[in-house]
Amino acid sequence: MFGLGSLFHKGGKSRFNITSIKINYMGAVHEIAGFSTNDSEFEVRIPFKNKIASDLGDDVKRPELRIDAVSVGSPFELLKAPDLPIVLPYGNSTEIVLKIRAPGMKYTGPLFLNMLVKSSDLVHIGISVIRVSKEGKSKEIPVRRDIYVAKSDAFKQEIDLSDVVNPGETVNAIKASPPFEISSTLPSIPFSLKEDRKVEVYIKAPTYNYSGPLELSIA
């Protein structure tokens, strides 16, 4: 979603060592490389892409991504940002250019950015446990998943099928209990599991907020 970024700067006296740039966006923190500069005012250019897994089913909505507000954490000050909101159709990319003023003292540490979304098209998904079952076998996988996704969009979850599926056994179907639906898997169904017995499942989110278990049945 966010690329490596680059730095442009002009005149100044203080020295600043930005160890990393941490971007808070849609409930997740994305981290990109930092930089060092002697400049009290500088520009940060952050590549921003709207791209999710290419193997999602045709029924999955490819949503726009948007940024309605931008803020910079203390002790830095945001001097200039692009015209807002930024609305990025699926498959497109852009570059977010921010002009930032550094504090009046030497600084070593991260630079915190907040990219805020006010769109009502987002839902909050909280998952505390994943339950997997197959022909009388079952297991619980404790997780702490707390994300924001667009309504009817898909999110990826890696599942360990050990204890319910034997190595080399063929998986013909994976179903999710409401309010979720399975969009696709990697590897694609049907498949035979390798020794590690892990699979990536792309799960279609509901159109409303949800907090609870994620229940999957294997056939």
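Computed from heavy atoms alone, side chains included, the values below leave out hydrogens, waters and symmetry copies. Fair warning: this is a prediction, and the values are worked out from it, not measured in the lab. The chain is numbered in sequence order, starting from 1.
- Screening V201, I218, I203 for a side chain to side chain contact (heavy atoms under 4.5 Å, CB included) involving I159 leaves a single residue, V201.
- The shortest side-chain heavy-atom distance between L214 and I141 does not fall under the 4.5 Å cut-off.
- Residues that satisfy the side-chain contact (heavy atoms from CB on, under 4.5 Å) test with D83, not counting sequence neighbours, are absent from this structure.
- Side chains of I100 and L111 form a contact here, defined as non-hydrogen atoms less than 4.5 Å apart.
- Every side-chain contact (heavy atoms from CB on, under 4.5 Å) that P206 has, sequence neighbours left out, goes to I125, P179, F180, Y208, Y210.
- Counting heavy atoms from C-beta on, the side chains of V199 and V171 never come closer than 4.5 Å.
- In this view, R145 satisfies the salt bridge (charged side-chain N to carboxylate O under 4.0 Å, His left out) rule with no residue, not counting sequence neighbours.
- For the atom pair CD1 of I96 and CZ of R45, the computed distance is 12.5 Å after rounding to the nearest 0.5 Å.
- Cluster membership for F191 and V164, using ILVMFWY side-chain heavy atoms within less than 4.5 angstrom, is shared.
- In this structure, R15 CZ and T37 OG1 are separated by 8.0 Å, a value rounded to the nearest 0.5 Å.
- A continuous path of Ile, Leu, Val, Met, Phe, Trp and Tyr side chains, each step under 4.5 Å between heavy atoms, connects L216 with V143, placing both in one hydrophobic cluster.
- Residues S40 and F16 approach most closely at CA-CE1, 4.0 Å, considering heavy atoms.
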List, one per line, each side-chain donor-acceptor pair under 3.5 Å for residues 129-139, sequence neighbours excluded.
| from | atom 1 | to | atom 2 | distance (Å) |
| --- | --- | --- | --- | --- |
| R131 | NE | E140 | OE2 | 2.8 |
| R131 | NH1 | E215 | OE2 | 3.1 |
| K134 | NZ | E169 | OE2 | 2.7 |
| K139 | NZ | D160 | O | 3.4 |
| K139 | NZ | S162 | O | 3.1 |
| K139 | NZ | S162 | OG | 3.4 |

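- In terms of heavy atoms, N17 sits closest to S36 at OD1-OG, 3.1 Å.
- Note that OG of S192 is 12.0 Å distant from CG of N166, once rounded to the nearest 0.5 Å.
- Here the closest heavy-atom approach between residue K156 and residue Y202 is recorded as CD-OH, 3.4 Å.
- Put simply, the side chain of L113 reaches to within 4.5 Å of the side chain of I23, judged on heavy atoms.
- Note: the hydrophobic cluster containing M115 also contains I32 (ILVMFWY, side chain heavy atoms under 4.5 Å, direct or indirect links).
- Annotation: the span from E43 atom CD to L98 atom CG amounts to 9.0 Å, rounded to 0.5 Å.
- Minimum interatomic distance between P190 and N172 (heavy atoms only, all atoms of both residues): CB-OD1, 3.8 Å.
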Check: residues 69-80 side-chain donor-acceptor pairs under 3.5 Å, at least two apart:
| from | atom 1 | to | atom 2 | distance (Å) |
| --- | --- | --- | --- | --- |
| S71 | OG | N114 | ND2 | 3.3 |
| E77 | OE1 | R101 | NH1 | 3.1 |

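- L65 is connected to L84 through a chain of hydrophobic side-chain contacts under 4.5 Å among Ile, Leu, Val, Met, Phe, Trp and Tyr, so both are in one cluster.
- If you take NZ on K198 and CG on L186, they are separated by 14.0 Å, rounding to the nearest 0.5 Å.
- Scanning both residues, N209 and H124, for their nearest heavy atoms gives OD1-N, 2.8 Å.
- For the pair N50 and P89, the minimum side-chain heavy-atom distance is 4.5 Å or more.
- Scanning for side-chain contact (heavy atoms from CB on, under 4.5 Å) contacts around P110 gives T19, S20, K22, Y107, F112, with sequence neighbours left out.
- Scanning both residues, K204 and S152, for their nearest heavy atoms gives CG-O, 3.6 Å.
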